[in-house]
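Okay, structure first, notes after.
Scope of the values below: all heavy atoms of this structure, side chains included, with no hydrogens, waters or symmetry mates.
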There are 2 protein chains.
Amino acid sequence: MDSSQLLKGVLDLAVLAVLDGRDSYGYDVVRRLREAGLDDVGDASVYGTLRRLFKAGALTSYVVASDEGPHRKYYGLNDVGRSLLSDSARTWTSFAATMDGLLKEVGAG
Amino acid sequence: MDSSQLLKGVLDLAVLAVLDGRDSYGYDVVRRLREAGLDDVGDASVYGTLRRLFKAGALTSYVVASDEGPHRKYYGLNDVGRSLLSDSARTWTSFAATMDGLLKEVGAG
DNA sequence: TGCAGCTATTGCGCATTGCACAGTACTGTG
DNA sequence: CACAGTACTGTGCAATGCGCAATAGCTGCA
């Protein structure tokens with residue numbers, strides 16, 4: 001099954017959720033999302049999402065040097081990002097409930 | 001909130017679910033999805049989805065005359081559609097669980 | 001020195017898909 | 001006839017996830 005379309009509009013939320021509580025950088029966000037179960041999320045998608053959220057004013061950003069490789073561009077939630085996160089989470093929860101309702105009747109009709 | 005992006009990749013599933021157990025036509029599918037809670041699903045999206053699913057071989061189709069207006073193009077699930085429905089439902093359920101897992105930690109860090 | 005491999009980011013172009021909008025057409029009511 | 005409700009089609013756009021290539025720093029090995 002190709003679940004890539006399911007990510008549409010939800011990747012923002014997933015990234016915001018991962019960033020909540022602790023700043024992180026692209027490569028690490030990808031890793032954490034995959035560990036969380038989003039197995040085949042593409043790296044370019046995550047980097048794109050981070051840039052988009054930053055451009056939208058939801059994230060702060062700063063560069064940190066690393067001993068283990070090139071510099072890392074850290075991102076963190078600001079007030080806009082936190083409020084976006086809680087709004088999106090609410091929207092997702094209600095949407096998921098609606099879908100579950102639709103699916104509940106499957107095979108019962 | 002704009003939930004239109006959330007529909008991406010899920011509208012197929014929603015349409016298949018509505019069609020499960022009883023054949024229906026575009027205009028009616030729109031009505032049933034809206035009643036189910038997908039308030040602002042666009043009619044063109046549903047018609048497009050029906051055509052796409054039909055073209056993919058998941059639906060049967062036949063035209064029925066109506067007393068209350070123009071003809072209705074009915075769609076129904078065939079074997080391919082039913083198996084697509086159960087596969088998609090499984091994929092959705094597991095995806096939703098993953099997202100819930102990600103969101104559970106929000107605000108707890 | 002040179003090469004491989006992991007880490008880390010950017011940019012380009014494509015495919016999918018939901019939607020707005022316009023157009024067509026049938027039925028019934030005033 | 002005008003208008004509203006029903007019902008479908010087609011066009012073109014916008015959003016966004018992804019593959020792929022390029023760039024670049026670091027470690028370890030020969």
Sorted by number, residues from residues 25-36 of chain A placing a heavy atom under 4.0 Å from DNA chain D are none
Tyr25(B)-Leu33(B) co-clustered via ILVMFWY side chain contacts under 4.5 Å:
no
Strictly distance-based, threshold 3.5 Å: is any side-chain N or O of Arg72(A) a donor or acceptor partner for the main-chain N or O of Ala65(A)?
no
Without swapping roles, check the side chain of Ser86(A) against the backbone of Ser83(A) for a donor-acceptor pair under 3.5 Å.
yes
At under 4.0 Å between heavy atoms, what does Gly48(A) touch on the DNA or RNA strands: base, sugar-phosphate, or nothing?
nothing
Contact nearer the 5' end of DNA chain D, comparing Glu68(B) with Asp67(A)
Glu68(B)
Within the structure, does a side-chain N or O atom of Arg72(B) lie under 4.0 Å from either OP1 or OP2 of dC26(C)?
no
Walk me through whether Asp100(A) and Lys104(A) qualify under salt bridge (charged side-chain N to carboxylate O under 4.0 Å, His left out).
CA-CA 6 Å; Asp100(A) 286 344; Lys104(A) 200 177 48 191; over 6 Å; no
Length of the line joining Leu6(B):CG and dA15(D):C1', which is rounded to integer Å
13 Å
Checking dT16(D), dC19(C), dC8(D) against the side chain of Gln5(B) (C-beta onward), the nearest is dT16(D)
Is Arg34(A) atom CZ crowded by more than 12 heavy atoms from other residues, nucleotides or ligands, each under 6.0 Å away?
yes
Taking CG from Leu50(B) and P from dT9(D), how many angstroms apart are they, rounded to a whole number?
9 Å
dA15(D), OP1 or OP2 - any side-chain N/O from Arg52(A) closer than 4.0 Å?
no
Give one of base, sugar-phosphate or nothing for Gly42(B), where a contact means two heavy atoms less than 4.0 Å apart.
sugar-phosphate
Measuring to OP1 and OP2 of dG11(C), would you say a side-chain N or O of Arg51(A) lies under 4.0 angstrom away?
yes
For His71(A) and dC26(D), give me the distance from atom NE2 to atom P, rounded to whole Å.
11 Å
Just to be sure I understand the rule, does Lys8(A) reach a base, reach only the sugar-phosphate, or reach nothing, if contact means heavy atoms closer than 4.0 Å?
base
Atom-to-atom span, CG of Asp39(A) to P of dC18(D) - whole angstrom
12 Å
Can you sort out which residues in residues 53-61 of chain A have a heavy atom within less than 4.0 Å of DNA chain D? Ascending by number, please.
none
Work out which heavy atom in Ser24(A) is nearest to a heavy atom in Val29(A); give both atom names and the distance.
OG-CG2, 3.7 Å
What's the closest nucleotide to the side chain of Pro70(B) if the choices are dC18(D), dT7(C), dA25(C)?
dA25(C)
Kindly assign one of parallel, tilted or perpendicular to the pair Phe95(B) and Trp92(A), based on the angle between their ring planes and the thresholds 30° and 60°.
perpendicular
In whole angstroms, how far is the C1' atom of dG25(D) from the NZ atom of Lys73(A)?
16 Å
5'-most contact on DNA chain D: Gly69(A) or Leu11(A), nearest heavy atom basis?
Leu11(A)
Between dT16(C) (C1') and Leu7(B) (CG): distance, integer Å:
14 Å
When Tyr74(A) and Ala44(B) are each assigned the nearest nucleotide of DNA chain C, the 5'-most assignment goes to Tyr74(A)
Are Tyr27(B) and Val15(B) connected in the hydrophobic side-chain network, where two residues link if heavy atoms are under 4.5 Å apart?
no
Within the side chain of Ser94(A), is there an N or O that forms a donor-acceptor pair under 3.5 Å with the backbone of Arg90(A)?
no
Residue-phosphate contact under 4.0 Å: Ser66(A) side-chain N/O, dG25(D) OP1/OP2:
no
Test side chain to side chain contact (heavy atoms under 4.5 Å, CB included) on Leu50(A) and Lys55(A) and set out the steps.
CA-CA 8 Å; Leu50(A) 286 169; Lys55(A) 200 172 159 195; over 6 Å; no
N or O in side chain of Tyr47(A) less than 4.0 angstrom from dT9(C) OP1/OP2
yes
